[in-house]
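Right, one structure below, let's go through it.
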Amino acid sequence: MSLCVHVFALLPDGGSAVLDEGPDVPDAAGAERTRHTLWGSSAVADLGLGLRFLPTLAWGDLWVGPDGLDGLAADCAAIRDRLAAVAAATGYTEEFVADRVGNIAAAVDRARGVEGGGVVIW
């Protein structure tokens, strides 16, 4: 299985709807194992990046509503700032990590353009 990142919109009734953004929008957030070997790994935690959202993927899917988008963007920026260290600590290539975190950051940007927009990684 793979982790995918998508944009969703909060609905007036309190529910949410995952948006169909088409086949040309990259949605890869890593393989299922990256929950534990990258985003929620102790190796990344030991780097002291101050991540708030991405490490929670180790315990389940991540739903970030409009109020959390800045925090998720900050997680992405922290990983990008220490890309070489993250790659070295986890055994993934810099290109792999940069691509996946780039897809997540791009989803954050798209969500900001949607009323009630958020990001789900599942």
Side-chain angles (χ1 to χ4, degrees):
M1 292 191 80
S2 295
L3 285 178
C4 295
V5 58
H6 294 111
V7 173
F8 69 88
L10 296 175
L11 302 174
D13 67 3
S16 62
V18 176
L19 304 182
D20 180 4
E21 298 184 277
D24 295 333
V25 175
D27 67 354
E32 183 67 24
R33 72 180 177 278
T34 60
R35 288 178 181 275
H36 305 286
T37 59
L38 178 58
W39 311 120
S41 73
S42 59
V44 170
D46 290 346
L47 293 174
L49 303 177
L51 305 180
R52 278 184 36 206
F53 291 96
L54 291 173
T56 67
L57 283 165
W59 299 286
D61 297 338
L62 175 60
W63 290 79
V64 179
D67 294 342
L69 292 176
D70 288 344
L72 183 55
D75 278 11
C76 292
I79 288 176
R80 283 178 162 163
D81 288 347
R82 301 278 311 278
L83 188 58
V86 171
T90 61
Y92 290 98
T93 66
E94 288 184 41
E95 180 181 31
F96 178 90
V97 177
D99 181 61
R100 294 342 182 255
V101 79
N103 291 344
I104 296 168
V108 169
D109 290 341
R110 292 192 309 276
R112 288 182 169 142
V114 173
E115 184 175 345
V119 171
V120 59
I121 304 173
W122 51 357

Please examine the side chains of [Y] and [X], heavy atoms only from C-beta on, and report whether any two atoms are closer than 4.5 Å.
X	Y	result
Val86	Val101	no
Trp39	Leu51	no
Pro55	Asp75	yes
Leu69	Val119	yes

Indicate the atoms forming the closest heavy-atom contact of [X] with [Y], along with that distance.
X	Y	result
Thr34	Ala29	OG1-O, 3.9 Å
Leu54	Ile104	CD2-CD1, 4.1 Å
Pro66	Gly116	CG-C, 3.7 Å
Gly118	Ala111	O-CB, 3.5 Å
Cys76	Ala105	SG-N, 3.8 Å
Ala107	Val7	O-CG2, 3.5 Å

Exercise. Is a donor on one side and an acceptor on the other found under 3.5 Å between the side chain of Arg35 and the backbone of Gly60?
Worked result: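 Side chain of Arg35 to backbone of Gly60: a pair is present.
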For this session: For Asp27 and Cys4, indicate whether the former's side chain and the latter's backbone hold a donor-acceptor pair under 3.5 Å.
Result: no
Exercise. According to a 4.5 Å side-chain heavy-atom criterion applied to Ile, Leu, Val, Met, Phe, Trp and Tyr, with indirect links allowed, do Val114 and Val108 form part of one hydrophobic cluster?
Worked result: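 No: no chain of side-chain contacts under 4.5 Å links Val114 to Val108.
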Problem set entry | Sequence-distant partners of Glu94, side-chain hydrogen bond (donor to acceptor under 3.5 Å, both in side chains), two or more places apart |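 Result, side-chain hydrogen bond (donor to acceptor under 3.5 Å, both in side chains) vs Glu94: none returned.
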For this session: List in chain and number order the residues that pass side-chain hydrogen bond (donor to acceptor under 3.5 Å, both in side chains) with Arg80, two or more places apart in sequence or in another chain; answer none if no residue qualifies.
Result: none
Exercise. Using links of under 4.5 Å between side-chain heavy atoms of ILVMFWY residues, direct or through other members, which residues join Val18 in one cluster?
Worked result: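 Noted: Val18 shares its cluster with Phe8, Leu10, Trp63, Val120, Trp122.
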For this session: Only counting residues at least two apart or in another chain, list the ones meeting salt bridge (Lys or Arg N to Asp or Glu O under 4.0 Å) with Arg110.
Result: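 Checked Arg110 against salt bridge (Lys or Arg N to Asp or Glu O under 4.0 Å); matches are Glu21.
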Problem set entry | Partner set under ring-ring contact (aromatic ring centres under 6.0 Å, His included) for Phe96, not counting sequence neighbours |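 Partners of Phe96 by the ring-ring contact (aromatic ring centres under 6.0 Å, His included) criterion, ordered by chain and then number, come out as Tyr92.
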Problem set entry | Pairwise distance CG(Leu62) to OG1(Thr56) - rounded to 0.5 angstrom |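 Atom-to-atom, Leu62:CG and Thr56:OG1 are 4.5 Å apart.
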Exercise. Say you draw a straight line from CG of Leu72 to CD1 of Ile121; how long is it, rounded to the nearest 0.5 Å?
Worked result: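 Leu72 atom CG to Ile121 atom CD1 measures 5.5 Å (nearest 0.5 Å).
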Exercise. Do the charged groups of Arg52 and Asp70 touch, with an N to O distance under 4.0 Å?
Worked result: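 No, this pair does not count.
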Problem set entry | Residues, nucleotides or ligands: over 12 heavy atoms within 6.0 Å of Asp20 CG | no
For this session: Can you sort out the partners of Ala85 under side-chain contact (heavy atoms from CB on, under 4.5 Å), two or more places apart, ordered by chain and number?
Result: Leu47, Arg82
